[in-house]
Number of protein chains: 2
Amino acid sequence: MRSHINSSSPLAHEVLAAVLQVRYATLRVLLWRRALDPHLGRWSLPGGRLRPDEDVETSIRRQLAEKVDIRQLKHVEQLAVFSAPDRVPGPRVVATAFLGLVPSDVDPEVPEDTAWHEVDNLPRTAFDHREIVLKARDRLRSKLSYTNVGFALAPHEFTISALREIYSAALGYKVDATNLQRVLSRRGLLEPTGHTAPSGRGGGRPAALFSFGCEGIRVTDPFAVFRPPPSRR
Amino acid sequence: MRSHINSSSPLAHEVLAAVLQVRYATLRVLLWRRALDPHLGRWSLPGGRLRPDEDVETSIRRQLAEKVDIRQLKHVEQLAVFSAPDRVPGPRVVATAFLGLVPSDVDPEVPEDTAWHEVDNLPRTAFDHREIVLKARDRLRSKLSYTNVGFALAPHEFTISALREIYSAALGYKVDATNLQRVLSRRGLLEPTGHTAPSGRGGGRPAALFSFGCEGIRVTDPFAVFRPPPSRR
DNA sequence: ACAAAAGTGTTTCCCGTACACCCATGT
DNA sequence: ACATGGGTGTACGGGAAACACTTTTGT
């Protein structure tokens, strides 16, 4: 029988975040170099202990504020719990992992011991952090296709080809600019701003600038199959 | 600076599971009546404290074994962490919630204080358990369309119309038997067993029996859009 | 014969893709 | 003029939904 009075086996709880950004046509993650002994010098995810008065999301936002300007974090979502008893040496720590997204146009001031790393070319990481990063990448990849998360990776204003670079880098393969525009337009996500970007060195037609109308994640393609019957009016 | 030595603010961690089953054309969840004081008498999710030597999935499987035959649990997956500081009265408890699925043909012996309840007509529940159940339901609904989770709700052998009842109950609206068969066949999930079911009281053609070939969850419709280019050979 | 339930065929629609073609600008 | 990159139009294919039609049983 379980009881809420019998408080057996308390343990520590940490929150970690894989903060992702697309830059230089690559998907990157924010890591910091450990300054303490277990796995000293290895790269690890930002985060830390859960405090008594905060829930996990509040906690990760607070802790990330030390690394990046919190307003630049356009999206945060729970990833999974990592709880293998030996996932860190010493006393047991259960971790709640998050996925965070930062638009590609911001270059946040990060502390000295912190740096961006290519997700597809990770350095040696501490503990199970590599696994967490890869899970974050996979989550992002699937959500790009059926939600509007793209807004959290894109600058406020962008050309279609810039957006194409972002989607391509995140997904790991080239997407067609034409169809990207068509799909996002059909879903009502793309708003023309009226502005245009100057054409590049070799000439070329100046590109129109767009922005994502909506803030906040939304499912845009909820049911691939077994759709509910269209609501009669 | 975070440290793995400075073990500040330990707390308790519990694991909970929303175990779902379709029966009598309704989606049901396994709840048990609390015998202890905080929220005594209210219905709550099975689960309990995480032990020092187990990860969360091992823990929930162990604890569910007290309620249902573990072999009947066809699918288990993490749902989310619930961590509001005041989610339970008294000392703080963080919960990792799971979704569990049981096929519709098993009628497990459940302890006396345990019973199935309609998900769409829940009784008063303890703590935040209602929220957890609804989240489990929503997760199941979306996964039915792009994965093969259906296998975890269906009996080993079934007719298409029986399967239709299951999908309809889980999704909350009628699905077309014809298209259900076509979609699942196209995805290579349905295997004809060769057997047929006897026809009902009013006659009617006897139905062919099918089974899901695969055990274990698989994504069957990975990318709605932005598909990777077909791999050249 | 008739009703009932299962299964099949056909049609339609929509979405995503591929690709050819047109447009605007710099040199 | 011509190269360069942006944008549009069109045609194709596939998957899913809707629904009529056929098949097989019981009464």
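Small disclaimer: the values here were computed from a predicted structure and weren't measured. Just so it is clear: chains get the letters A, B, ... in the order the sequence lines come, proteins before strands, and each one is counted from 1.
- Tyr173(B) places its OH atom 11 Å from the P atom of dA18(D), with the value rounded to the nearest Å.
- One atom, CG of Leu184(A), and another, P of dT17(C), lie 11 Å apart when rounded to the nearest Å.
- No side-chain donor from either of Thr26(B) and Glu118(B) sits under 3.5 Å from a side-chain acceptor of the other.
- For dG14(D), the OP1/OP2 oxygens have no side-chain nitrogen or oxygen of Arg227(B) closer than 4.0 Å.
- Interatomic distance, CG of Leu45(A) versus CZ of Phe127(A), reported as 10.5 Å (0.5 Å rounding).
- If you measure from atom CG of Asp176(A) to atom C1' of dT8(D), you get 13 Å, rounded to the nearest angstrom.
- By the 4.5 Å heavy-atom criterion applied to side chains, Val56(A) and His13(A) are counted as neighbours.
- Side chains of Leu79(B) and Phe98(B) form no contact here, defined as non-hydrogen atoms less than 4.5 Å apart.
- What separates CG of Asp221(A) from P of dG16(C) is a distance of 6 Å, to the nearest Å.
- Straight-line distance from the CG atom of Leu190(A) to the C1' atom of dG7(D): 13 Å, rounded to whole Å.
- Remark: C1' of dT17(C) and CZ of Phe226(B) are 12 Å apart, rounded to the nearest angstrom.
- Regarding Lys174(A), its NZ atom lies at a distance of 18 Å from the C1' atom of dC19(C), rounded to whole Å.
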*Would you mind building the protein contact string for nucleotides 6-14 of chain C? One character per nucleotide, 5' to 3', B for base within reach (heavy atoms under 4.0 Å), S for sugar-phosphate only, - for untouched.*
BSBBB----

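- Using a cutoff of 4.0 Å between basic side-chain nitrogens and carboxylate oxygens, Lys67(B) and Glu109(B) are not scored as salt-bridged.
- Counting non-hydrogen atoms under 4.0 angstrom, Arg187(A) reaches the backbone sugars and phosphates but no base.
- When the P atom of dG7(D) is taken as reference, atom CZ of Phe158(A) falls 12 Å away, rounded to whole Å.
- Of the listed residues (Tyr167(A), Phe212(A), Phe151(A)), just one forms a ring pair (Phe, Tyr, Trp, His ring centres under 6.0 Å) with Phe158(A), and that residue is Phe212(A).
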